[in-house]
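Below: one structure, written as structure tokens.
Treat the numbers as computed from the prediction; the structure is a model and nothing was measured.
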Amino acid sequence: MVRVLALVLLILAPAAPAQAEPHDGLVKWHGDIAHLFVHPLLPAPRYTLHKGTQPQEFAKWNITAREFRRILPQLYSNDYVLVDLESLVRQKQHRLRQAPLWLPPGKKPLVLSIDDLNYPQYMVDNHLNSKLVLDGGDRVAAQRVTPQGTTVVSRTSEVVPILDDFVRDHPDFSYAGAKGTIALTGAEGILGYRTSGKGRTVRRERVAVAPVVAALKASGWTFGSHSYSHIDMATSSMTAVASDTARWKRQVEPLIGLTDVFVYPFGAYPAAGSASFAVLRRAGFRIFCGITPTHRFEVHRNYAIQDRVRVDGLGLTSQQAMLKPYFDPVKVLDPRR
């Protein structure tokens, strides 16, 4: 009972953003802050890229596990270092301000995020990863079921375990323990567990996901909202936004704890002064992320904006100029493309 209570308290507590303090050996960063994001990876492109019900969509919006594994060494060689998104702002004198960022000499800051790490049924049906689990060493791994019906648990098929192992081998790729932000919807549950709704099965799934969430937070991952049902915040009515946000607060927040990060589905911003934006602000969100090929990072009185750059199949093939500042897309392409 004591262990379960401690686990619940760890999950519900907001993750403490890593705040860098100046000291000998660090230099203050004055340039742009890059933010890249990916979707869940394609673990076996021999059937996820060319077969299944959605191969064209996978080819456009996802990258393969091999491609992600090839990207990380290039980012590292190009002197990027992972920083925590929430550490970039701080509250001072009743307003939000950009926090000073102190890094090792020669390093450039990089924020990483993952959208839609929920594993809805269409991903499971097409033999992508189906959930995050703990492996025998209590580390987060990815589980999938092959077309032959074999269950596979792997540390090389999804963003989280791949990055965890890369940082283990290259600890200077992460500053102050930062990994990335996992942006979750909730309509089909989180992290592959069917946690939304009511009933005995849902209660079991909520218990099952708790140690995975705790392990993610303990290893430097943080969470953000991606809305409950992936609605377009720019075109949805205020009533729809309010209903969707209330469902996310009710169904997802109790599982992952408080977060002040909101990642816009489709990168679609509501107007800053709109009623829909006011709903999100009242819900406690203050860091908002969209999608552009720029480094826009704006800190206003009570909210901040950081736009993100897509790392997906389109970027690797037909929109390579967008990604060349970070890594060489040609060198990471999976041969099965």
Margin query: Run the side-chain contact (heavy atoms from CB on, under 4.5 Å) test on F223 and W221 for me, step by step, so that the C-alpha distance in whole Å, both residues' side-chain angles and the decisive distance to 0.1 Å come before the verdict.
Written below: CA-CA 7 Å; F223 292 95; W221 293 92; 5.7 Å; no
For V167 and K179: C-alpha separation, side-chain torsions, deciding distance, then whether side-chain contact (heavy atoms from CB on, under 4.5 Å) applies. CA-CA 8 Å; V167 170; K179 295 288 181 60; 3.9 Å; yes
* Take Y119 and E158 through the side-chain hydrogen bond (donor to acceptor under 3.5 Å, both in side chains) test and state the conclusion after the steps. => CA-CA 12 Å; Y119 304 113; E158 189 55 277; 2.6 Å; yes
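Taking Ile, Leu, Val, Met, Phe, Trp and Tyr as members and joining any whose side-chain heavy atoms lie under 4.5 Å apart, directly or through other members, V152 forms no hydrophobic cluster with any other residue.
A salt bridge does not link D244 with R247: every distance from a Lys NZ or Arg NE/NH1/NH2 to an Asp or Glu carboxylate oxygen is 4.0 Å or more. Salt-bridge annotation for R70 and E67: absent, with no side-chain N of the basic residue lying under 4.0 Å from a carboxylate O of the acidic one.
Contacts of K108 classified as salt bridge (charged side-chain N to carboxylate O under 4.0 Å, His left out), with partners at least two apart in sequence or in another chain: none.
By the 30° and 60° cut-offs, the orientation of the rings of F285 relative to F288 is perpendicular. Classified by interplanar angle (parallel below 30°, tilted 30° to 60°, perpendicular above 60°), the ring pair H39/F37 is perpendicular.
A distance-only check finds no donor-acceptor pair linking the side chain of R296 to the backbone of I305 [under 3.5 Å].
Proximity of V241 to I231: side-chain heavy atoms (C-beta onward) are separated by under 4.5 Å at one or more points.
Environment of CZ in R95: crowded, with over 12 heavy atoms of neighbouring residues, nucleotides or ligands closer than 6.0 Å.
A donor and an acceptor atom, one from each side chain of T239 and S237, are nowhere located under 3.5 Å apart. In the model, R308 has a side-chain atom that pairs as donor or acceptor with a side-chain atom of S113 under 3.5 Å.
Geometrically, K131 engages Y193 in a cation-pi contact defined by less than 6.0 Å to the ring centre and at most 45° from the axis.
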